[in-house]
Visitor: 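Sharing a structure with you now.
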Amino acid sequence: MKMEKIMGKLYEFVILNPKETLPKGTISKKIAMDKLQPFTRDILGYDVEPYAGGTKFRNGDTIMARITPCLENGKIAQVNILDENEIGFGSTEYIVFRAKEEVTDPDYVYYLVCSSNIREVAIKSMVGSSGRQRVQTDVVQNIEIEMPIFDEQVKIASILKSFDDKITLNNAINKNLAI
């Protein structure tokens, strides 16, 4: 069975750095860069503090480090620690990817951003002084990709998500055994 795909630029399928309003001083969950683990979907922790600036996001969004060496080290995660309709925030060194309703599946977007199709192009686009290089967002949003139709994205993501869920469960079991 052949999978149906659509060609286009990433920004046609995903919203990059979506606009969110979070007034300064609002107490919210902050996800600092050190809370992201390499090649780990789930965010392991957060701080609660007044918003003073930074990148804003919602549950279901994928956050990717845009600075070296964090991106090369695989610091990409799917936001899943917020309450319903809560806006969280974090480092200005994140690029936020949000699925477009009925166009892309949020779980598929996470796995797409983790793929070499996005990560390698992002890494190659880095500019800046040594040790402080950053991804050029315009290069990332213009990556030409083949996107499966929505139903296929859901199927693919559910398989990959089941593996990640199993890894999370096994890690929790191992952590309990160590105690």
Side-chain angles (χ1 to χ4, degrees), residues 9-11 13-20 22 24 26 28-82 86-100 104-145 157 160-161 163-168 170-172 174-175:
K9 295 190 183 290
L10 184 61
Y11 73 84
F13 305 108
V14 176
I15 302 165
L16 277 82
N17 297 323
K19 301 290 181 227
E20 291 290 353
L22 188 62
K24 289 213 186 291
T26 302
S28 190
K29 293 174 184 148
K30 177 182 180 183
I31 303 170
M33 191 69 72
D34 66 347
K35 302 296 184 191
L36 302 189
Q37 299 302 306
F39 302 102
T40 303
R41 176 195 63 191
D42 298 323
I43 296 164
L44 303 179
Y46 57 86
D47 299 307
V48 176
E49 56 186 71
Y51 173 69
T55 306
K56 299 176 285 281
F57 37 74
R58 293 180 179 269
N59 273 347
D61 289 348
T62 294
I63 53 177
M64 176 182 85
R66 66 183 212 100
I67 191 167
T68 193
C70 297
L71 176 57
E72 293 93 331
N73 293 341
K75 290 204 171 201
I76 302 170
Q78 187 179 43
V79 179
N80 60 358
I81 50 90
L82 302 173
E86 182 180 10
I87 298 169
F89 69 100
S91 172
T92 57
E93 301 296 355
Y94 291 141
I95 297 175
V96 179
F97 299 83
R98 181 173 293 164
K100 288 186 176 181
T104 41
D105 175 69
D107 292 325
Y108 186 86
V109 170
Y110 166 73
Y111 294 109
L112 175 65
V113 172
C114 290
S115 76
S116 59
N117 294 345
I118 304 300
R119 270 188 75 247
E120 287 180 14
V121 174
I123 290 167
K124 288 177 184 170
S125 82
M126 288 182 154
V127 295
S129 61
S130 178
R132 300 305 294 172
Q133 293 187 320
R134 289 175 177 81
V135 171
Q136 297 180 74
T137 306
D138 61 324
V139 171
V140 173
Q141 70 186 11
N142 286 300
I143 295 172
E144 189 80 25
I145 58 170
L160 296 172
K161 190 175 186 309
F163 287 122
D164 270 340
D165 291 344
K166 188 69 157 169
I167 290 167
T168 299
N170 286 341
N171 287 341
N174 290 340
K175 192 174 183 180

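Predicted model, so just to flag it, every value in this text is computed and none were measured.
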Visitor: Tell me, do Val96 and Glu20 make a side-chain contact under 4.5 Å, heavy atoms counted?
Guide: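 No - every pair of side-chain heavy atoms lies 4.5 Å or more apart.
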
Visitor: Run the numbers on Tyr110 and Cys114 for side-chain contact (heavy atoms from CB on, under 4.5 Å), then give the verdict.
Guide: CA-CA 6 Å; Tyr110 166 73; Cys114 290; 3.3 Å; yes

Visitor: Please determine if Glu93 and Lys75 form a salt bridge, counting it only when a charged side-chain N lies under 4.0 Å from a carboxylate O.
Guide: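 Lys75 and Glu93: not salt-bridged.
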
Visitor: So does Lys56 pair up with Asp61, basic N to acidic O under 4.0 Å?
Guide: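 Salt bridge: no.
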
Visitor: Please step through side-chain contact (heavy atoms from CB on, under 4.5 Å) for the pair Phe89 and Glu49, ending with a clear verdict.
Guide: CA-CA 10 Å; Phe89 69 100; Glu49 56 186 71; 3.9 Å; yes

Visitor: Any side-chain heavy atom of Ile145 sitting closer than 4.5 Å to one from Ile118?
Guide: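 Yes, their side chains come closer than 4.5 Å.
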
Visitor: Could you walk me through whether Gln141 and Thr137 pass the side-chain hydrogen bond (donor to acceptor under 3.5 Å, both in side chains) check?
Guide: CA-CA 6 Å; Gln141 70 186 11; Thr137 306; over 6 Å; no

Visitor: For the residue pair Leu112 and Thr62, establish whether any side-chain heavy-atom pair is separated by less than 4.5 Å.
Guide: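 Leu112 vs Thr62: side chains apart.
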
Visitor: Quick check: do Arg41 and Asp107 have side-chain heavy atoms less than 4.5 Å from each other?
Guide: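 With C-beta onward as the side chain, the pair stays apart.
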
Visitor: Hey, does Leu71 have a side-chain heavy atom less than 4.5 Å from the side chain of Arg66?
Guide: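 A side-chain contact under 4.5 Å is absent here.
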
Visitor: Between Thr55 and Ile63, is any pair of side-chain heavy atoms under 4.5 Å apart?
Guide: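 No, every pair of side-chain atoms sits at 4.5 Å or beyond.
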
Visitor: Okay, side chain of Thr40, backbone of Pro38: is any donor-acceptor separation there less than 3.5 Å?
Guide: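 Pair found, side chain donor or acceptor close to backbone of Pro38.
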
Visitor: Is there side-chain contact between Lys29 and Lys35, with heavy atoms separated by less than 4.5 Å?
Guide: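 The answer is no; the side chains never approach within 4.5 Å.
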
